[in-house]
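Throughout, protein chains are lettered first and strands after them, A, B, ... in sequence-line order, and every chain is numbered starting at 1. Bear in mind the structure is a predicted one, so any value in this text is a computation, not a measurement.
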Amino acid sequence: MDFKAAIARLLEAQGIADVTLEVPPDSKLGDYAFPCFPLAKERKMAPQAIAQELAAKIATDPAADFLERVAATGPYVNFFIKQTALVAAAFEEPEYQPNGKRVVIEHSSPNIAKPFGIGHLRSTVIGGALKRVYEYAGWEVVGINHLGDWGTQFGKLIAAYKRWPTDITEDPIKKLLELYVRFHAEAEKDPTLDDAGREEFRKLEAGDPENVALWKQFRELSLQEFDRIYARLHVSFESTAGEAFYNDKMIPVLDELKAKGLTEEDEGALIVRLEDMGIQTPAIVLKSDGATIYATRDLAAAIYRKKEYNFDRMLYEVGSEQTLHFRQLFAMLKKMGHEWAEDCQHIAHGLYRFDTGKMSTRKGQVIFIEDVLQQAVERSLKTIDQKNPDLLEKEMVAEQVGIGAVIFFDLRSDRLKDIVFDWDEMLDFEGETGPYVQYTHARLCSILRKSGLEPKANPELLMTPEEIALARQLLAFPDTIEQVIKNDKPHILARHLLDLSQLVNSFYQKHRIIQDDKDLERARLALIEKTAARIELGLSLLGIMAPQEM
RNA sequence: GGACCUGUAGCUCAGCUUGGAUAGAGCAUUAGCCUUCUAAGCUAAGGGUCGAGGGUUCAAAUCCCUCCAGGUCCGCCA
């Protein structure tokens with residue numbers, strides 16, 4: 001039962017259309033509260049008088065059988081829910097039916113031949129979490145890894161490889177990174193290198209056999225490494241069509257832009273002016289050397305995806321530094337007459353920084369994601385050896401907990417904020433962390449195992465403040481899911497799970513579950529079982545495993 | 001110079017979408033809690049001009065304006 005909705009209906013019956021309810025800060029006041037200030041303003045009456053009048057009317061409404069009582073407390077109407085009704089409702093599991101809508105989520109999108117750095121963690125796990133939450137809520141989801149497998153950078157890489165031949169069969173990504181860094185270092189002194197890079201890319205785009213072969217080799221070696229990481233992060237994609245996939249799809253788009261009179265030539269490049277859309281910077285769709293640019297590919301990609309998937313929404317989980325690019329992209333689509341540009345959204349995130357400044361691949365300042373994962377799993381294993389040395393399958397649990405810590409760290413705060421990278425914070429297992437939530441789950445599982453009794457929900461027996469608070473949090477889950485989807489912010493779910501864990505830990509601390517009163521034990525086991533299942537579900541939506549023991 | 005994002009406790013962050021009762025957590029500090037269900041836990045204390053100033057409102061961390069600080073971007077990288 002959704003009490004908020006039920007109370008809203010009761011208030012609406014009194015002629016109040018726009019209802020917002022609050023959970024009072026002090027539970028002694030009641031379970032939900034309706035502030036009468038807006039109504040007082042509208043009706044030009046004292047809010048206290050309105051509260052008294054409403055409370056009296058609702059108290060006699062037979063539809064309010066879930067209410068214990070209604071009271072006017074100053075300018076608020078307070079609704080006291082029957083505690084048995086509240087707890088009973090907490091045991092209901094939300095059910096989502098397929099809603100017939102389809103969302104395309106582009107995320108992760110690392111660059112081929114570059115290391116998978118900590119910067120790509122954000123897009124990978126935020127997109128992954130959104131994907132699972134949408135799926136859970138009944139959407140059909142298409143996850144796309146828009147690989148950066150095309151562009152001038154490959155010209156530079158090929159130029160570097162030809163200039164300084166290197167054996168890249170061993171540890172390919174690190175070797176390729178060294179070439180990339182060396183290229184940029186030497187290009188500082190010798191600007192002709194950049195021209196050479198552009199020339200190699202032009203040849204690649206023209207189908208030069210040698211360059212194409214090199215490109216294929218770089219791509220293949222990179223993908224093998226990426227797949228290893230995706231497996232550990234529990235992320236998968238419906239499509240890995242990268243930028244190269246759209247090579248043969250850009251000419252028609254360019255033709256369409258020209259035919260609609262949207263392009264003009266400027267300093268040798270082909271551009272689209274967007275001042276009329278409120279964007280001062282024009283978008284370049286063809287460079288002065290005749291080569292394409294990412295804006296062209298993203299245009300072709302968007303149009304292709306609409307045709308292929310006919311999405312209701314398309315999300316681009318990409319760093320906030322590309323905000324202007326996406327504004328330009330959506331504006332161009334709109335100008336081309338594609339109304340569905342409204343359905344496209346840039347889901348921006350802040351970046352990982354050092355406290356000294358931005359990380360730069362070009363300067364070789366990179367935190368490799370595999371190093372982070374390895375450190376986390378090592379520390380996790382060390383903790384297990386300390387706290388639970390007899391645990392079976394230590395390595396597997398250490399993997400689940402270590403990876404869980406890293407993913408949760410990334411997902412627990414608002415994606416718009418920058419994160420200053422700090423090993424100690426990322427590898428912390430205490431407080432508001434993934435391992436804390438996992439630990440709570442493992443502890444609940446342990447109680448269920450130890451008792452061995454069959455749980456039996458009995459709201460009449462679950463009346464302590466800790467049980468009521470826990471029930472209320474369980475009840476808030478569908479709201480949380482709705483908020484995550486509305487804002488495309490998985491941290492709302494991460495926070496919900498932290499709150500749930502804190503509440504159940506307080507309950508655990510204060511009340512015995514296994515005890516002589518077997519009816520009470522079975523009732524409390526049911527609450528524990530429900531909470532454990534909810535934590536497992538929530539963590540799985542974030543891409544985190546919930547081990548039974550740790 | 002322009003655009004967008006961020007600014008809340010010593011540190012890291014929730015809360016702002018939808019204004020409302022005493023602004024919440026975690027870390028760190030201090031004092032407690034393991035002969036009983038996993039102490040990766042729990043309880044309590046101290047710690048706040050919610051960046052600054054104006055405005056709207058009965059009521060502002062929340063909405064509007066100006067300013068300040070940090071970050072990002074501002075045509076041929078993505």
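- For RNA chain B, each stem of at least three Watson-Crick or G-U pairs (distances under 3.5 Å) is given as range with range: B:1-7 with B:68-74, B:10-13 with B:24-27, B:29-33 with B:41-45, B:51-55 with B:63-67.
- In terms of position on RNA chain B, the residue among A/His491 and A/Ala33 whose nearest nucleotide sits closer to the 5' end is A/His491.
- Ring-to-base geometry does not place A/Phe37 in a stacked arrangement with B/rA59 (centre distance under 5.5 Å, plane angle under 30° required).
- Look at the P atom in both B/rC42 and B/rU22: the space between them is 28 Å, to the nearest Å.
- Between A/Thr433 atom OG1 and A/Met426 atom CE the span is 12.5 Å, to the nearest 0.5 Å.
- Comparing the same atom, P, in B/rA61 and in B/rG7 gives a spacing of 15 Å after rounding to whole Å.
- With rounding to whole Å, A/Glu275 atom CD is found 18 Å from B/rG2 atom P.
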Once base and sugar-phosphate atoms are separated, protein heavy atoms under 4.0 Å mark nucleotides 34-43 of chain B, 5' to 3', with B, S and - as --BBBSBBSS

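- A side-chain donor-acceptor contact under 3.5 Å links A/Lys518 to the backbone of A/Gln515.
- Annotation: side chain of A/His325 is not in contact with side chain of A/His346 (no heavy-atom distance under 4.5 Å).
- Atom pair A/Gln322:CD and B/rG71:C1' shows a separation of 16 Å (rounding to whole Å applied).
- Ionic pairing of A/Arg472 and A/Asp31 is present here: one or more N-O contacts between side-chain nitrogen and carboxylate oxygen are shorter than 4.0 angstrom.
- Salt bridge present: A/Asp488 and A/Arg313 bring a charged side-chain N and a carboxylate O closer than 4.0 Å.
- Distances shown here put a side-chain N or O of A/Lys417 below 4.0 Å from the OP1 or OP2 atom of B/rA14.
- Under a 4.0 Å N-O distance rule, the pair A/Glu317/A/Arg122 does not qualify as a salt bridge.
- Comparing B/rG71, B/rC74, B/rA14 against the side chain of A/Arg495 picks out B/rA14 as the nearest.
- A/Ile271 comes within 4.0 angstrom of a nucleotide base, judged by non-hydrogen atoms across all strands.
- Under the 30°/60° scheme for interplanar angles, the aromatic rings of A/Tyr316 and A/Phe326 are found to be tilted.
- Using a cutoff of 4.0 Å between basic side-chain nitrogens and carboxylate oxygens, A/Arg202 and A/Glu205 are not scored as salt-bridged.
- With RNA chain B read from its 5' end, the first of the two nearest nucleotides for A/Cys36 and A/Arg412 is the one closest to A/Arg412.
- The ring-ring contact (aromatic ring centres under 6.0 Å, His included) check on A/His146 picks up A/Tyr246, with sequence neighbours excluded.
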